[in-house]
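If you're wondering where the values come from, they're calculated on a predicted model, not measured in any experiment. Both ligands and their constituent atoms are indexed starting at 1 by order of listing.
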Amino acid sequence: MKAAVMKDARKMVVEEVPDPIAGPDEVVVKVNYVGICGSDLHLYKHGLVPPDHIMGHEVTGTIASLGSGVSGWKQGDRVWLSGGAPCGKCDHCLREEFDFCPNRTSIGMGRLPGGYAEYIKVPPRFMIPIPSDVSLKHAALLDPLGCAYHAAFLSNIQPGQSALVMGAGPIGLFVIQCLKLAGVTPLILTEPVAARAELGRRLGADLVLDPTKEDVEGHCSKLTREMGPEMVFECVGIPQTVLDSVSLVRKKGKVMWVGFCPDEVTFTPALWFFKKISIQTSFGVDSRDEVHHCMKLIQDKKVAVEELVSEIISIDEVPRAFERLLKPNTEVKILVGF
Ligand SMILES: [Zn+2]
Ligand SMILES: [Zn+2]
């Protein structure tokens with residue numbers, strides 16, 4: 001089969017590799033769509049996966065073959081694959097803290113081979129069925145939707161409260177939609193790229209600001225009776241927005257760090273100390289319940305998904321797309337389609 005294989009940092013090659021064969025407790029899935037994720041770019045740029053690894057963890061597909069020990073599934077079933085699967089047995093798993101399972105395995109992130117390939121082999125616990133009225137294309141965005149939903153849920157934001165969302169990438173745009181559904185108002189978005197900013201406006205932001213040109217603090221203050229937003233969702237992951245998120249939130253407000261920031265950030269705690277704020281981090285989804293809930297949001301058309309798909313590319317175009325995404329761009333979500 002054809003696969004995009006990592007050789008080194010910023011070196012990915014599309015080549016023929018052996019087709020995976022299902023062991024007794026495994027399933028081979030024909031990949032239909034796989035999303036290019038910001039975390040893939042991070043792994044790619046810094047070469048953080050072993051040589052010859054196949055990345056890609058935002059996968060939907062169709063079951064091609066099953067091992068003899070697998071029950072409850074059949075050939076042709078349409079499935080979404082979870083990027084990671086917990087063991088279900090350890091202390092963390094028994095407390096439903098699945099993210100912290102020390103035995104957690106993942107696809108496309110350095111352990112099991114991922115979905116930038118025609119086929120992928122997984123244990124059945126990675127699979128979630130896709131309802132017949134949800135397309136494989138739309139379900140491929142469940143991973144960023146899940147991250148956004150989880151952050152909105154963790155924040156415990158209430159109807160009528162105000163929020164600022166920083167960044168209109170896939171996660172920021174889903175955060176906007178989840179907050180809109182939760183009755184958050186006013187809902188302010190900052191995004192420097194015009195195309196993404198416009199999308200944020202269409203998907204529910206009451207005010208969209210370009211942080212490189214406009215006075216974000218002044219506008220936020222005006223819209224919130226001089227108080228500032230009650231909650232700030234940082235969905236970018238660069239030092240400047242991380243710092244701004246804390247500066248912009250109102251006194252006693254809450255900051256959610258949703259963007260993954262691998263860089264060092266220098267700050268003076270005293271500047272924030274008297275605000276009595278709380279800062280919370282959020283990543284991934286917590287449970288299969290959350291995934292099912294997000295699937296239902298897509299199924300009931302409560303969130304717009306199609307609008308977030310910028311482009312569908314072939315497997316041959318994957319290495320070039322990675323290089324393109326490392327430069328300034330206007331894309332939201334690129335899917336690889338088979
Ligand atoms: Zn992802
Ligand atoms: Zn576990």
Give every donor-acceptor pair under 3.5 Å between a side-chain atom in residues 112-124 and any protein atom, sequence neighbours left out.
unit_1 : atom_1 : unit_2 : atom_2 : d
Y116   : OH     : G35    : O      : 3.4
Y116   : OH     : D40    : OD2    : 2.6
E118   : OE2    : K2     : N      : 2.5

Residue from V216, L189, L248 passing side chain to side chain contact (heavy atoms under 4.5 Å, CB included) with M166 | L248
Could you confirm whether C93 has any N/O/S atom lying under 2.8 Å from the Zn ion (ligand 2)?
-> yes
Please determine if K333 and E311 form a salt bridge, counting it only when a charged side-chain N lies under 4.0 Å from a carboxylate O.
-> no
For the pair D133 and K301, find out whether any cationic side-chain nitrogen is under 4.0 Å from an anionic carboxylate oxygen.
-> no
Assign the ring pair F267 / W272 to parallel, tilted or perpendicular, where the plane angle (0 to 90°) is split at 30° and 60°.
-> parallel
What is the name of the N/O/S atom in [X] that sits closest to the Zn ion (ligand 1)?
{"X": "H57", "result": "NE2"}
{"X": "E58", "result": "OE2"}
{"X": "D143", "result": "OD2"}

Intermediate values then yes/no, ring-ring contact (aromatic ring centres under 6.0 Å, His included), H42 and F260 | CA-CA 10 Å; H42 181 69; F260 174 68; 5.4 Å; yes
Give, rounded to 10 degrees, the angle between SG (C87) and SG (C101) as seen from the Zn ion (ligand 2).
-> 100°
For the Zn ion (ligand 1), decide whether D40 has an N, O or S atom at a distance under 2.8 Å.
-> no
Tell me, please, if C147 has any N/O/S atom, main chain or side chain, under 2.8 Å from the Zn ion (ligand 1)?
-> no
